[in-house]
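We use all heavy atoms of the structure for the numbers below, so side chains are in, but hydrogens, waters and symmetry mates are not. Because the structure is predicted, anything quoted here is derived from the model rather than measured.
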Amino acid sequence: PATLTSTDVDLLNAWLSAEASAQSELLDILVEQRTCMVRQDLDGLEALVKRSEAGLRRLEAATRSRSNSIASVWNRLGFTGEPRLDDIIEQAEGDAREALQSGQAQLREVIQNVRRVTRSNQVLARSGLDVNRAMVHAIFGDAEPRETYDRAARTKTERPLNACIDREL
């Protein structure tokens, strides 16, 4: 195979940096999301969803850039099969290899943190939904119409009463 050029190294370093930055931004959003869930800050969660759209677009762009950058260098090096960054980095020498390995390690660390916080947020959301389900069931029961009696001892079917649940519960 051919060797990596400085242009290849610059392209890969730029992509690694862009994706690490986009993943870091996502991590910040997820951490803030967790804080809002713990505080039961629904307004904060709503604002966060709106703010996160730009970050998600940057992450999508970085993902497309990854595919294009790796595939371009992979093909130029004459490799066949599925493109792998590790195989490309092996073609670099000296400082270029160290810089690429460092960028790759940084990206992997950020992605691991994103996964960890995502799992934590999923557990919080799931437990919140379980609590809400239990509250609704406790208030409304099975919410099926039931037979009741009026003052004249006649039976009638009515729906359960509507209840108002305070968001602070």
Side-chain angles (χ1 to χ4, degrees), residues 1-136 165 167-169:
T3 59
L4 282 177
T5 66
S6 61
T7 303
D8 295 333
V9 171
D10 291 344
L11 175 70
L12 293 171
N13 277 325
W15 157 70
L16 285 166
S17 177
E19 184 153 356
S21 176
Q23 291 284 353
S24 292
E25 186 176 349
L26 176 61
L27 180 61
D28 292 343
I29 290 168
L30 291 169
V31 167
E32 191 172 341
Q33 180 184 51
R34 179 177 57 200
T35 301
C36 289
M37 285 192 292
V38 168
R39 287 189 205 149
Q40 297 178 0
D41 180 4
L42 299 178
D43 294 331
L45 280 171
E46 185 178 344
L48 190 59
V49 167
K50 291 176 183 173
R51 269 196 10 239
S52 66
E53 291 174 2
L56 291 174
R57 281 192 299 274
R58 277 192 286 284
L59 185 58
E60 288 172 0
T63 301
R64 280 191 305 273
S65 175
R66 173 193 337 149
S67 297
N68 295 339
S69 299
I70 291 176
S72 170
V73 173
W74 183 264
N75 291 333
R76 200 192 64 66
L77 291 174
F79 286 125
T80 58
E82 188 68 28
R84 290 180 15 95
L85 182 59
D86 289 329
D87 293 336
I88 293 172
I89 290 175
E90 286 179 15
Q91 303 305 309
E93 296 178 1
D95 292 343
R97 179 183 283 194
E98 287 179 27
L100 289 170
Q101 288 172 333
S102 174
Q104 182 184 36
Q106 180 185 5
L107 178 58
R108 282 183 176 160
E109 182 180 345
V110 173
I111 289 172
Q112 286 174 345
N113 288 332
V114 165
R115 287 181 181 146
R116 180 183 50 77
V117 174
T118 298
R119 281 192 301 272
S120 172
N121 289 359
Q122 287 171 337
V123 169
L124 277 172
R126 191 173 302 119
S127 65
L129 289 172
D130 290 344
V131 167
N132 287 342
R133 186 179 304 113
M135 286 176 52
V136 168
I165 299 175
R167 285 179 17 174
E168 299 300 317
L169 291 177

So V31 and R34, do their side chains get closer than 4.5 Å, heavy atoms only? yes

Quick one: pull up CZ in R108 and CG in N113 and give me the separation to the nearest 0.5 Å. 14.5 Å

Counting only heavy atoms not in D95, do more than 12 sit closer than 6.0 Å to its CG atom? no

T7 versus D10, side-chain donor and acceptor atoms under 3.5 Å: no

What closest approach, in Å, do C36 and G44 show between heavy atoms, and which atom pair accounts for it? SG-C, 3.8 Å

Kindly compute the distance separating CD (E90) from CG (D86), expressed to the nearest 0.5 Å. 7.0 Å

Is there a side-chain contact between Q104 and L12 in this structure, where contact means two heavy atoms from C-beta onward sitting under 4.5 Å apart? no

If you look only at distance, which donor and acceptor atoms sit under 3.5 Å apart when one is on a side chain in residues 119-126 and the other is two or more places apart or in another chain?
{"unit_1": "N121", "atom_1": "ND2", "unit_2": "L30", "atom_2": "O", "d": "3.0"}
{"unit_1": "N121", "atom_1": "ND2", "unit_2": "Q33", "atom_2": "OE1", "d": "2.8"}

When Q91 is tested against each of V73, D8, L4 for side-chain contact (heavy atoms from CB on, under 4.5 Å), which residue passes? L4

Pairs flagged by side-chain hydrogen bond (donor to acceptor under 3.5 Å, both in side chains) wherever residues 16-26 is involved - sequence neighbours left out: W15-E19, E19-R66, E25-R58

How close do A71 and P83 get, heavy atom to heavy atom, and via which atoms? CA-CG, 4.5 Å

Value for CD (E109) from CG (L27), rounded to nearest 0.5 Å, stands at 10.0 Å

Main-chain N/O of G81 paired to W74 side chain as donor or acceptor, under 3.5 Å: yes

Separation of N13 CG from L100 CG (nearest 0.5 Å): 4.5 Å

To the closest 0.5 Å, what do you measure between CD1 (I70) and CG (N75)? 11.5 Å

Flag side-chain contact, heavy atom, 4.5 Å: L16 against L85: yes

Is it true that a side-chain atom of T63 and a backbone atom of L59 form a donor plus acceptor pair closer than 3.5 Å? yes

